[in-house]
Number of protein chains: 2
Amino acid sequence: MDEHPSLAVSTVIFALRDSELWTPLVRRIRQPYQDRWALPGGWVAPQEGLETTAARKLLETTQLDPTYLEQLYCFGDIGRSPSGRVVSVVYWALVRPDQAERSSDDDNVRWFRADALPGLAFDHNRIVEYALWRLRNKMAHSSIAHGFLGETFTLAELRGVHEAVRGATLDPANFRRQVLAGGSIVPTGEHVVGASHRPPALYRYTDATLVDQGPLLASALTDRED
Amino acid sequence: MDEHPSLAVSTVIFALRDSELWTPLVRRIRQPYQDRWALPGGWVAPQEGLETTAARKLLETTQLDPTYLEQLYCFGDIGRSPSGRVVSVVYWALVRPDQAERSSDDDNVRWFRADALPGLAFDHNRIVEYALWRLRNKMAHSSIAHGFLGETFTLAELRGVHEAVRGATLDPANFRRQVLAGGSIVPTGEHVVGASHRPPALYRYTDATLVDQGPLLASALTDRED
DNA sequence: CCAAAAGTGTTAGGCTTACACCCATGC
DNA sequence: GCATGGGTGTAAGCCTAACACTTTTGG
């Protein structure tokens with residue numbers, strides 16, 4: 001009864017670049033699937049929480065510090081790793097463009113367009129697909145777009161995030177009204193200067209803007225004592 | 001690097017009785033939390049899928065065979081078990097009233113009202129709370145109510161499910177129109193007889209009615225080869 | 001002045017809500 | 001017939017989509 005499966009943590013990371021969704025992958029340096037691209041991750045340490053492990057591995061392998069991090073799913077099919085039973089708790093994360101810049105491509109880390117990935121190790125293609133589906137879902141029902149943006153942003157930038165993720169253009173007028181009526185963002189009073197047109201107002205999210213994760217979030221905030 | 005946490009699977013089960021949500025719990029027969037009520041579950045066997053484990057443990061401990069079974073969340077906080085690191089993959093399930101009848105209370109299994117549970121073992125109170133939140137969420141956006149019903153049902157029964165879970169009464173006329181317009185149910189042509197009022201029509205879900213789980217479901221159907 | 005993007009106004013149509021009303025059965 | 005719940009009709013109001021229009025900047 002004490003023969004437990006190996007327990008791993010991996011993370012799907014999304015960032016927005018040129019109105020496209022991109023995701024960083026790491027090259028596997030050992031068998032199985034040596035030299036194939038895979039999600040960043042690693043084994044769960046005995047004295048480390050799952051989300052903490054995800055964040056740490058992310059930082060170690062890609063230098064990224066996400067603005068949003070949420071559990072995606074736990075994958076545990078028996079055949080998913082050729083080298084024995086592995087159960088993977090997978091997280092998904094959003095990073096801002098400026099953070100993504102800091103993690104430039106090198107021999108072991110490379111960014112790919114999220115909808116045009118190569119053949120990945122294990123069942124990681126399927127996992128990214130599911131993460132994409134979840135992102136699109138969440139975008140429609142919550143203010144998750146915040147995770148892609150800085151502290152302040154214009155309505156056009158916010159709209160750009162929605163358009164990129166949903167893959168459709170949105171009416172600027174209606175988008176403005178809907179998002180302002182929602183009450184989750186407020187104008188800072190500042191404006192962008194230097195563009196060759198009318199300067200757009202800057203906005204920021206109100207403090208109360210938390211992505212809806214239900215009862216988990218409240219406890220998660222107190223649990224994180226890293 | 002090979003010292004992995006213990007991996008368990010547990011399940012939150014919901015059934016509808018007297019327009020209330022009920023959930024069965026099992027009595028712990030060993031330490032820690034001996035004699036406390038807890039979610040049914042057990043360790044993951046090396047050669048068994050996670051969902052399969054959940055279904056098997058469910059049947060073994062409560063004699064229940066759910067009509068719906070979905071992964072809820074993976075709980076892995078370091079302090080959640082006093083007897084060492086345990087990571088629990090938790091599922092949630094729906095059973096029909098007639099199935100629930102078969103699993104009567106005994107010394108080791110007892111049904112509780114889902115919104116009035118005693119103090120459970122481990123972090124199981126928190127887990128049930130989250131499962132309740134997920135159920136209510138899913139009820140609003142999908143045809144998950146099917147899981148509580150038999151093959152055929154009246155619109156009043158379907159409405160009763162929604163009312164019980166949402167905790168509010170619904171306009172029968174509007175409910176009828178909305179659910180029929182959705183196209184996921186069709187009349188069987190039969191009617192209930194024997195009630196002291198106009199006999200209601202029976203309906204059933206169309207074959208195409210699958211609860212929206214995104215890209216996971218398609219593969220899940222092929223993976224399940226039990 | 002002109003181009004371009006910000007921001008406002010307005011209208012049509014769809015969906016939700018509320019509630020009045022009719023229908024079919026057992027007693 | 002009458003009480004009860006099944007089932008239909010309908011109008012008000014809200015939300016959304018579409019698009020015309022005005023505003024403000026740099027060149």
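Bear in mind the structure is a predicted one, so any value in this text is a computation, not a measurement.
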The answer to which of B/H197 and A/G194 contacts DNA chain D further toward the 5' end, by nearest nucleotide, is B/H197
(Q) A cation-pi test, strictly: NZ or CZ of A/R28 under 6.0 Å from the centre of the six-membered ring of A/W37 and no more than 45 degrees from its axis. Yes or no? (A) no
Hey, can you pull the donor-acceptor pairs under 3.5 Å for the side chains in residues 197-204 of chain B, sequence neighbours left out?
none

Checking B/V9, B/L72, B/V89, B/V90 against A/C74 for side chain to side chain contact (heavy atoms under 4.5 Å, CB included), the one that qualifies is B/V89
Sequence neighbours excluded, the answer for ring pair (Phe, Tyr, Trp, His ring centres under 6.0 Å) partners of A/F14 is none
For nucleotides 13-20 of chain D, 5' to 3', base contacts (B), sugar-phosphate-only contacts (S) and non-contacts (-) with protein non-hydrogen atoms under 4.0 Å give ---SBBB-
- So, are B/E60 and B/K57 salt-bridged, with charged N and O less than 4.0 Å apart? yes
Here the pair of heavy atoms bringing B/P24 nearest to B/L64 is CG-CD1, 3.9 Å
Counting just side-chain N and O atoms, does B/R198 come under 4.0 Å of either OP1 or OP2 of D/dG5?
no
By nearest-nucleotide position on DNA chain D, the 5'-leaning member of B/S196 and B/L202 is B/S196
Numerically ordered, the residues 151-163 of chain A set in heavy-atom contact under 4.0 Å with DNA chain D is none
| A/Y68 ring center near A/F148 ring center (under 6.0 Å) | no
Taking every heavy atom of A/V95 against every heavy atom of A/A100, the minimum-distance pair comes out as CG2-CB, 4.3 Å
Less than 3.5 Å apart, which donor and acceptor atoms pair up between the side chains of residues 167-175 of chain B and the rest of the protein, not counting sequence neighbours?
{"residue": "B/D171", "atom": "OD1", "partner": "B/A173", "partner atom": "N", "Å": "2.7"}
{"residue": "B/D171", "atom": "OD1", "partner": "B/N174", "partner atom": "N", "Å": "3.2"}
{"residue": "B/N174", "atom": "OD1", "partner": "B/R177", "partner atom": "NH2", "Å": "3.0"}

In short, B/D123 meets B/R80 closest at the heavy-atom pair OD2-NE, 2.8 Å
Span of DNA chain C engaged by chain A, first through last nucleotide within the 4.0 Å heavy-atom cut-off, is C/dA4 to C/dT10
